[in-house]
Each structure stands twice: as structure tokens, then as C-alpha cells.
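The figures that follow rest on heavy atoms only: side chains count, while hydrogens, waters and symmetry mates do not. Note on naming: letters A, B, ... go to the chains in the order of the sequence lines (proteins, then strands), and numbering restarts at 1 for each one.
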Amino acid sequence: MTSDKESFFERVYMVTSRIPYGRVTTYGAIARCLGSSGSARMVGWALNNCHSLEEFIPAHRVVNRNGFLTGKNHFGTPTAMQQLLENENISVADDRVVRFRELFWDPCSGR
DNA sequence: GGTGTGACAATGG
DNA sequence: GCCATTGCCACAC
């Protein structure tokens, strides 16, 4: 359909930026929503390029399927990601999102 | 055009 | 039940 020129990266940025406040999602969920359930790694890689984007991407709302802040290291400071999450009423303990299961937001359902 | 990578996920032992 | 390994797919060099 329209706008199929966008690369997977663009879609990842789009979905990630659509994550509602106070919610989190997983790389696999986004990848699966994009149709590439096996490319969960691509989602993280796309966010890696998010540093080159002019627009801010709430990548701190994206964690691995365990709810761990795996990519906190890529935020510049290992505490930036946790601080951002706590700033959104999301409790983070031991680099893990508390009640991650409840805060989980499906990019496909949240459309 | 081929190789390597990469912020994961799933399966096996 | 936990640790280790493979698979995966799209992008960058």
C-alpha cells in the first residue's frame, strides 16, 4: 500500500514513537508486528541508528522480552534509560521493568 | 556482491 | 530450571 518505500528502520521508528506514555514493548513484538518475527535483532539495530535521527525516539520504552534494559548502554549513559522510564512512572528494579507484563504494550493492538 | 553485524528470541542439553 | 548455542533478517562496509 502507500508508503512502502520506507525501510524496516522507518517502520521501527514509527512504531516505537507510537508507544504510549507509561508503556513498554519488546523488540520481538515490534518485529513480529512488522512481519519479521525473526528479525527482533533488526529492531534493536534500527534503534541504534536512532542516534542519527533528528527526531527523538522513545527507545527507552523498548526492552527485551524479559523486560530488561538491555540497550541502556547505548543511551550514552547506562542510567539514562532507567531514569527516563522512572520519569514516566515506570518502576525499574535491577535494570528490569517492574510489572513489565502489565505495562507491556502491543504495537499491533495499540495501533 | 559478499561478509559481518546487531539494543533479540527460541530451542537444546 | 538454568546456561549455552543457533537462528534470523535486514542494513552497513
Side-chain angles (χ1 to χ4, degrees):
Chain A
M1 288 235 254
T2 60
S3 62
D4 48 290
K5 298 177 182 178
E6 282 123 24
S7 305
F8 256 77
F9 280 37
E10 299 269 331
R11 296 186 198 173
V12 173
Y13 303 141
M14 180 174 62
V15 173
T16 304
S17 64
R18 280 179 190 175
I19 301 175
Y21 177 91
R23 292 284 192 217
V24 291
T25 187
T26 68
Y27 303 96
I30 297 172
R32 181 146 56 168
C33 185
L34 295 176
S36 297
S37 56
S39 9
R41 310 171 102 194
M42 294 288 73
V43 179
W45 206 8
L47 295 176
N48 185 12
N49 272 334
C50 87
H51 291 277
S52 299
L53 298 181
E54 299 175 357
E55 187 178 354
F56 172 74
I57 304 297
H60 59 274
R61 294 180 186 154
V62 186
V63 294
N64 67 349
R65 92 169 201 76
N66 287 323
F68 283 95
L69 284 49
T70 50
K72 68 178 185 179
N73 191 350
H74 290 261
F75 274 76
T77 57
T79 53
M81 189 172 188
Q82 181 172 342
Q83 289 297 308
L84 287 168
L85 288 172
E86 290 182 335
N87 190 26
E88 299 193 356
N89 282 335
I90 300 175
S91 301
V92 179
D94 192 23
D95 293 341
R96 189 179 106 179
V97 178
V98 179
R99 295 187 301 230
F100 162 70
R101 184 84 172 214
E102 299 176 28
L103 298 174
F104 179 76
W105 175 80
D106 190 338
C108 282
S109 300
R111 154 156 87 139

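Between Val24(A) and Leu85(A) the shortest side-chain heavy-atom distance falls below 4.5 Å. Counting heavy atoms from C-beta on, the side chains of Phe75(A) and Leu84(A) come closer than 4.5 Å.
Side chain of His51(A) to main chain of His74(A): a donor-acceptor pair is present (N/O by atom type, distance under 3.5 Å, no hydrogens or angles). Looking only at distances, a side-chain donor or acceptor of Thr25(A) sits under 3.5 Å from a matching main-chain atom of Trp105(A).
Residue His51(A) is in base contact, counting any heavy-atom pair closer than 4.0 Å across all strands shown. Counting any heavy atom pair closer than 4.0 Å across all strands shown, Asn64(A) reaches sugar-phosphate atoms only and no base atom. Within the nucleic acid shown, Ala46(A) has no heavy atom closer than 4.0 Å to any nucleic acid atom.
Using a 4.0 Å cutoff on non-hydrogen atoms, the parts of residues 70-83 of chain A near DNA chain B are Thr70(A), Gly71(A), His74(A), Phe75(A), ordered by number.
At a threshold of 4.5 Å between side-chain heavy atoms, the hydrophobic network of Ile, Leu, Val, Met, Phe, Trp and Tyr places Phe104(A) and Leu69(A) in one connected group. Residues Ile19(A) and Val98(A) do not share a hydrophobic cluster, defined by chaining ILVMFWY side chains whose heavy atoms lie under 4.5 Å apart.
Nearest-nucleotide mapping onto DNA chain B: of Asn48(A) and Arg32(A), the residue sitting toward the 5' end is Asn48(A).
Atoms CG (Leu47(A)) and C1' (dC8(B)) sit 12 Å apart, rounded to a whole Å. Protein atom CD1 of Ile30(A) is 14 Å distant from nucleotide atom C1' of dA9(B), rounded to whole Å. Between Leu53(A) atom CG and dA7(B) atom C1' the separation is 15 Å, expressed in whole Å.
When every heavy atom of Asp94(A) is checked against every heavy atom of Phe68(A), the shortest pair comes out as O-CE2, 3.9 Å.
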Kindly determine whether Arg61(A) and Glu88(A) satisfy salt bridge (charged side-chain N to carboxylate O under 4.0 Å, His left out), including the steps that lead there. CA-CA 10 Å; Arg61(A) 294 180 186 154; Glu88(A) 299 193 356; 2.8 Å; yes
So if I define the base as every atom that isn't primed, P, OP1 or OP2, how would nucleotides 1-13 of chain C read as a B/S/- string at a heavy-atom cutoff under 4.0 Å? ------BBBBB--
